[in-house]
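Here is the structure we will look at.
One-based numbering, in listed order, for ligands and for the atoms of each. Throughout, numbering of the chain's residues begins at 1 and tracks the sequence. Note that this is a predicted model, so its numbers are computed, not measured.
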Amino acid sequence: MEKVNKETYSFQSEAKELLHLMIHSLYSNKEIFIREIISNASDAIDKLRFYFLSHPELNKNSIDFNIYVSIDKKNNTLSISDNGIGMSKKEVIENLGTIAKSGTKKFISELKRNTEEKNKLIGQFGVGFYSTFIVSKKVIVKTKSINCSKNEGVLWESYGKGEYSIQNIKKEETGTEVILFLNDSEKIFLEEWKINNIIKKYSDHISIPVKINSYNEKEKTYSFKKINKAKALWSLKKTEIKQEEYQNFYKYITNDINNPLIWTHNTVEGTQEYTNLLYVPSKAPWDMWNRDNKHGLKLYVKKVYIMDDVQQFLPNYLRFIRGIVDSYDMPLNVSREILQENKIVSGLKKSLTKRVLKLLKELSINEPEKYQKFWNEFGLVLKEGIAEDLYNKETIANLLRFTSVFNNKSEQTLSLESYIKNMKEKQEKIYFITSDNYLSAKNSPHLEFFKKNSIDVLLLSDKIDEWMMNHLTEFKDKKIQSISKNDESLNNLIQEENKNQKIFEKNNFIKKVKEILKDKIKEAKFTNKLTDTPAVLVTDSADMSTQMAKLFSAAGQKTSPIKYIFEINPNHLLIKHINNISEKKQLKEWIYLLFEQALFVETGSLEDPNKFIFRLNNLLTQKIFTIQ
Ligand code: ADP
Ligand code: MG
């Protein structure tokens with residue numbers, strides 16, 4: 001080997017970190033390095049096939065694509081080679097010396113924090129090429145890019161510590177060979193049966209033949225034997241595919257170590273011809289809420305791989321769906337730009353969306369427990385659909401799950417349908433309350449009336465809920481009503497009357513309250529909704545709700561302060577007491593205390609908490625003096 005042109009480089013620091021973490025934490029699942037190398041080889045071949053579509057002159061003899069696996073027991077090496085697109089020197093440095101993927105930094109810090117979940121996290125991330133160092137003391141990559149001449153091959157070599165070296169070599173064939181010098185303790189990976197098993201397990205369904213250099217005892221010769229089926233899984237008939245094969249294919253395309261929850265596999269003929277194989281994962285990926293989270297489907301056109309992560313086939317609120325679409329109508333030279341405004345794509349999006357929603361609906365009916373698992377993982381994302389997808393709103397609303405007063409636990413398990421089934425005789429609306437968290441929703445004073453009358457109320461406390469409920473005002477002809485908003489129709493349900501009406505009227509109580517609070521409130525009135533609470537604040541039906549105002553302010557947007565309707569409980573002892581106060585200053589202090597209490601409960605904060613505490617302490621002190 002020529003050593004003259006050898007150059008040594010240091011791994012990018014993130015790459016170093018990942019290497020270290022991986023070698024020390026992936027021990028229980030080390031065989032996946034084979035899956036990773038084969039998947040890279042298969043990607044490289046897919047890329048070359050795609051490249052040939054625009055450079056047919058380069059593929060005169062129609063290359064036969066293969067991945068070859070060779071075992072060398074004498075030298076303890078396992079080598080995997082492909083005749084794919086290969087890499088130039090620059091690409092080798094970029095691809096094997098750095099981690100180009102966005103979000104890696106976050107991933108690494110997550111990995112450090114989350115020791116128990118390490119294996120899972122790494123599984124989701126797709127460890128890639130570096131996984132070879134779990135089992136190897138040294139790795140050599142020989143490669144030549146389709147864009148370089150045969151003198152311009154590159155040899156990359158590393159011991160997986162801090163550095164790698166690169167030298168120019170002559171390499172006749174375009175493609176890549178990865179040679180693993182296995183650790184002495186990993187000789188098991190030199191056994192043909194072992195390699196066969198692993199490849200069958202992880203790579204059976206990839207469309208490129210994987211061939212192993214097999215020794216024939218009788219003839220004492222070596223020959224390459226095909227290990228995998230080498231047929232695109234989705235192009236087979238459903239009846240020919242085993243459950244396990246579906247699951248393995250999912251793992252192969254997603255790098256997830258968990259099995260998918262469910263999937264749907266369809267071939268459609270007619271105006272649009274396509275095959276889809278769509279999976280619902282069983283666990284949400286660690287980066288689902290990252291802005292740069294990669295999602296979308298793998299696109300094939302007539303079984304030729306075109307590209308990954310195509311987001312145009314499904315709406316954003318279904319971004320957790322993984323899988324492939326193979327279109328028979330799209331042109332082979334389709335680009336990301338074309339996809340943006342392609343009619344075939346928008347047609348496909350419509351039908352794939354329907355298909356996924358149908359899949360979820362059936363799951364919710366036939367396997368509610370499994371559906372609950374789905375909801376716990378992805379419910380928050382699905383909720384976005386209520387605002388996003390007008391056309392399928394009713395279907396999505398049917399899929400929503402809530403917690404409620406009667407539910408009595410924070411897990412969201414109640415559907416709108418079952419809420420309706422349990423409605424009281426005179427009840428016409430579906431009631432809900434939004435709050436910052438489950439407990440504050442559950443203990444809200446707005447609920448007093450409903451609890452007393454055994455009317456269930458949905459308790460919503462996810463960040464997105466306020467926004468979602470703004471778009472969900474009706475379900476199956478039933479109005480959906482926030483109980484922290486003014487609702488005249490409630491009067492029909494209220495039987496009790498204000499027993500102290502006359503005394504209050506004589507004192508002009510409401511008028512006094514209004515005079516004291518002036519423009520701090522929109523309106524003041526008595527209510528019979530309350531039992532244990534002296535007063536609450538509600539927003540007028542057309543006004544912005546408290547939760548919505550909080551959302552705006554969290555997003556840094558200014559809104560004018562809410563003017564509340566002040567609802568007072570005439571049957572409460574405290575109110576009766578206040579009604580009897582004639583001294584003006586005293587009365588003002590009490591009314592302010594009531595108002596600020598109610599404001600605190602409604603909004604969770606006060607503009608000037610010191611003032612509130614001061615007022616409270618003053619009144620308490622006076623009380624003590626009177627008792628003494
Ligand atoms: P990923 O495959 O997820 O991109 P990997 O760590 O597995 O990450 O590989 C890093 C990159 O190295 C690939 O994206 C590809 O560009 C390049 N690469 C790896 N193996 C090959 C190969 N056999 N042929 C061509 N390029 C390869
Ligand atoms: Mg890879």
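- No hydrogens or angles considered: nothing links the side chains of Glu31 and Asn197 as a donor-acceptor pair under 3.5 Å.
- Annotation: Tyr130 places no N or O atom under 3.5 Å from an N or O atom of ligand 1; distance criterion only.
- Protein-derived N/O/S atoms nearer than 2.8 Å to the Mg ion (ligand 2) total 1, waters excluded.
- Considering all non-hydrogen atoms of both residues, Ile241 and His265 come closest at CD1-CE1, 3.7 Å.
- At least one N/O-N/O distance between Asn40 and ligand 1 falls below 3.5 Å.
- Contacts between Asn95 and ligand 1 below 4.0 angstrom, taking non-hydrogen atoms only, involve backbone and side chain alike.
- Under the 3.5 Å distance criterion, with hydrogens and angles disregarded, no donor-acceptor pair is assigned to the side chains of Thr8 and Glu163.
- Per-residue contacts place Phe129 under 4.0 angstrom from the following atoms of ligand 1 (heavy atoms of the residue considered): 5 (P), 6 (O), 7 (O).
- Stacking of Lys30 on the aromatic ring of Phe189 is not recorded, the 6.0 Å distance cut-off and the 45° axial limit not both being met.
- Of all the heavy atoms of Asp82, the ones lying under 4.0 Å from any atom of ligand 1 belong exclusively to the side chain.
- The shortest distance between side-chain heavy atoms of Trp467 and Lys383 does not fall below 4.5 Å.
- Glu36 and Asn40 form no side-chain donor-acceptor contact under 3.5 Å, judged by distance and modelled atom types alone.
- A donor-acceptor contact closer than 3.5 angstrom links the side chains of Lys211 and Asn66.
- When only modelled atom types and interatomic distance are considered, Asn147 and Tyr51 share a side-chain donor-acceptor pair under 3.5 Å.
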